[in-house]
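Step one of this worksheet: look at the structure below.
Model, not experiment: these values are computed from the prediction.
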Amino acid sequence: MSKTRFKLISAVHLLLIKEGKILLARRFQTGYEDGNYSLIAGHLDGNETARAAMCREAREEAAIKIEPAALQLAHVIHRHAEDERIDFFFVATRWQGEPTITEPDKCDDLSWWELSQLPPNVVPYVRAAIESVAAGSIYSEFGWY
């Protein structure tokens with residue numbers, strides 16, 4: 001009798017920081033955390049590295065080009081929601097293009113915010129990750145308790 005191996009859902013998130021400001025996207029009509037700010041992000045599609053997924057999501061969601069070598073892993077969250085997830089947060093050291101909304105059916109605002117003055121309506125685990133990165137922590141757990 002074979003036992004089914006446990007699987008985690010994996011996602012990538014982009015910490016795009018410029019002149020002390022971070023790029024945040026307000027979720028719109030997605031069915032999850034709508035009206036709240038998050039980062040450029042998405043799930044791994046399979047058969048791609050986390051860096052490749054992050055480059056793809058940056059291109060799809062914000063029309064910016066990032067090379068995998070320009071991404072540095074900044075934080076990992078093992079979180080518990082309806083299921084278990086692993087979220088990888090990358091900082092881009094450089095990119096090409098000016099971020100613009102390319103999916104207006106999923107995002108209704110894409111703005112730069114002072115790192116020290118984030119809006120109150122940031123998705124809770126995303127806020128925790130941003131704060132953890134600022135504190136120099138590379139790993140955290142969210143939603144377990």
Side-chain angles (χ1 to χ4, degrees), residues 3-97 99-103 106-145:
K3 185 176 178 180
T4 303
R5 186 173 293 268
F6 170 74
K7 295 182 181 179
L8 288 169
I9 297 171
S10 301
V12 292
H13 303 262
L14 181 61
L15 296 157
L16 207 60
I17 299 169
K18 178 175 78 172
E19 300 170 1
K21 295 182 178 182
I22 188 168
L23 186 69
L24 296 178
R26 188 169 54 207
R27 300 181 61 84
F28 177 68
Q29 296 181 353
T30 66
Y32 177 75
E33 294 284 350
D34 290 331
N36 292 329
Y37 283 94
S38 190
L39 301 166
I40 301 301
H43 295 101
L44 277 74
D45 284 347
N47 201 29
E48 65 182 346
T49 67
R51 280 189 173 122
M54 189 73 271
C55 294
R56 175 181 51 76
E57 291 291 347
R59 189 175 55 255
E60 290 174 0
E61 293 186 13
I64 57 174
K65 183 178 180 183
I66 302 173
E67 295 296 328
L71 292 170
Q72 295 178 346
L73 182 64
H75 194 73
V76 176
I77 289 183
H78 182 195
R79 69 183 169 101
H80 190 271
E82 307 81 40
D83 41 31
E84 286 186 51
R85 296 174 179 257
I86 293 285
D87 296 285
F88 299 95
F89 292 81
F90 290 97
V91 171
T93 57
R94 62 189 178 282
W95 63 90
Q96 295 175 343
T100 58
I101 296 172
T102 59
E103 298 178 325
K106 297 179 183 176
C107 173
D108 66 353
D109 183 42
L110 190 62
S111 303
W112 295 96
W113 292 82
E114 293 286 340
L115 277 165
S116 60
Q117 295 179 345
L118 298 177
N121 58 327
V122 175
V123 173
Y125 80 90
V126 171
R127 178 182 295 277
I130 294 169
E131 291 171 354
S132 291
V133 170
S137 171
I138 61 168
Y139 173 80
S140 65
E141 296 166 346
F142 189 90
W144 288 92
Y145 313 105

Test side-chain contact (heavy atoms from CB on, under 4.5 Å) applied to R26 and D108, I101, N36, D34, the passing residue: D108
Shortest non-hydrogen contact between L15 and A74, atoms and distance: CD1-CB, 4.0 Å
Point-to-point distance, once rounded to the nearest 0.5 Å, from NZ of K21 to OG of S116: 10.0 Å
Taking every non-hydrogen atom, the tightest pair across T102 and A62: OG1-N, 3.7 Å
Trace of the side chain to side chain contact (heavy atoms under 4.5 Å, CB included) decision for F6 with E84: CA-CA 10 Å; F6 170 74; E84 286 186 51; 3.6 Å; yes
V12 side chain reached by L71 side chain, heavy atoms, under 4.5 Å: no
Close side-chain approach of I17 and L115, heavy atoms under 4.5 Å: yes
Side-chain heavy-atom pair F90, I66 within 4.5 angstrom cut-off: no
Pairwise side-chain contact, E67 with K65, heavy-atom cut-off 4.5 Å (strictly under): yes
For C55 against P68, the heavy-atom pair lying closest together: SG-N, 3.5 Å
Heavy-atom check, side chain of R56 versus side chain of D45, under 4.5 Å: yes
L39 side, atom CG; M54 side, atom CE - distance, nearest 0.5 Å: 8.5 Å
Minimum side-chain heavy-atom gap K106-F28 below 4.5 Å: no
For the student: nearest non-hydrogen atoms of H43 and E48, plus distance: O-OE2, 4.2 Å
Flag if over 12 foreign heavy atoms under 6.0 Å of CG, L8: yes
Nearest heavy-atom neighbours spanning L110 and P99: CD2-C, 3.8 Å
Side chain proximity check, T93 to Q72, heavy atoms < 4.5 angstrom: yes
Under 3.5 Å: donor-acceptor pair, side chain of R27, backbone of S38: no
Residue pair L14 / L23, side-chain heavy-atom distance below 4.5 Å: no
Side-chain donor-acceptor pairs under 3.5 Å in residues 117-132, sequence neighbours left out?
from	atom 1	to	atom 2	distance (Å)
N121	ND2	G35	O	2.7
Y125	OH	R79	NH2	3.3
R127	NH2	P119	O	2.4
R127	NH2	P120	O	3.4
S132	OG	A128	O	2.9

ring-ring contact (aromatic ring centres under 6.0 Å, His included) contacts in which one or both residues fall within residues 45-87, not counting sequence neighbours: H78-W144, H80-W144
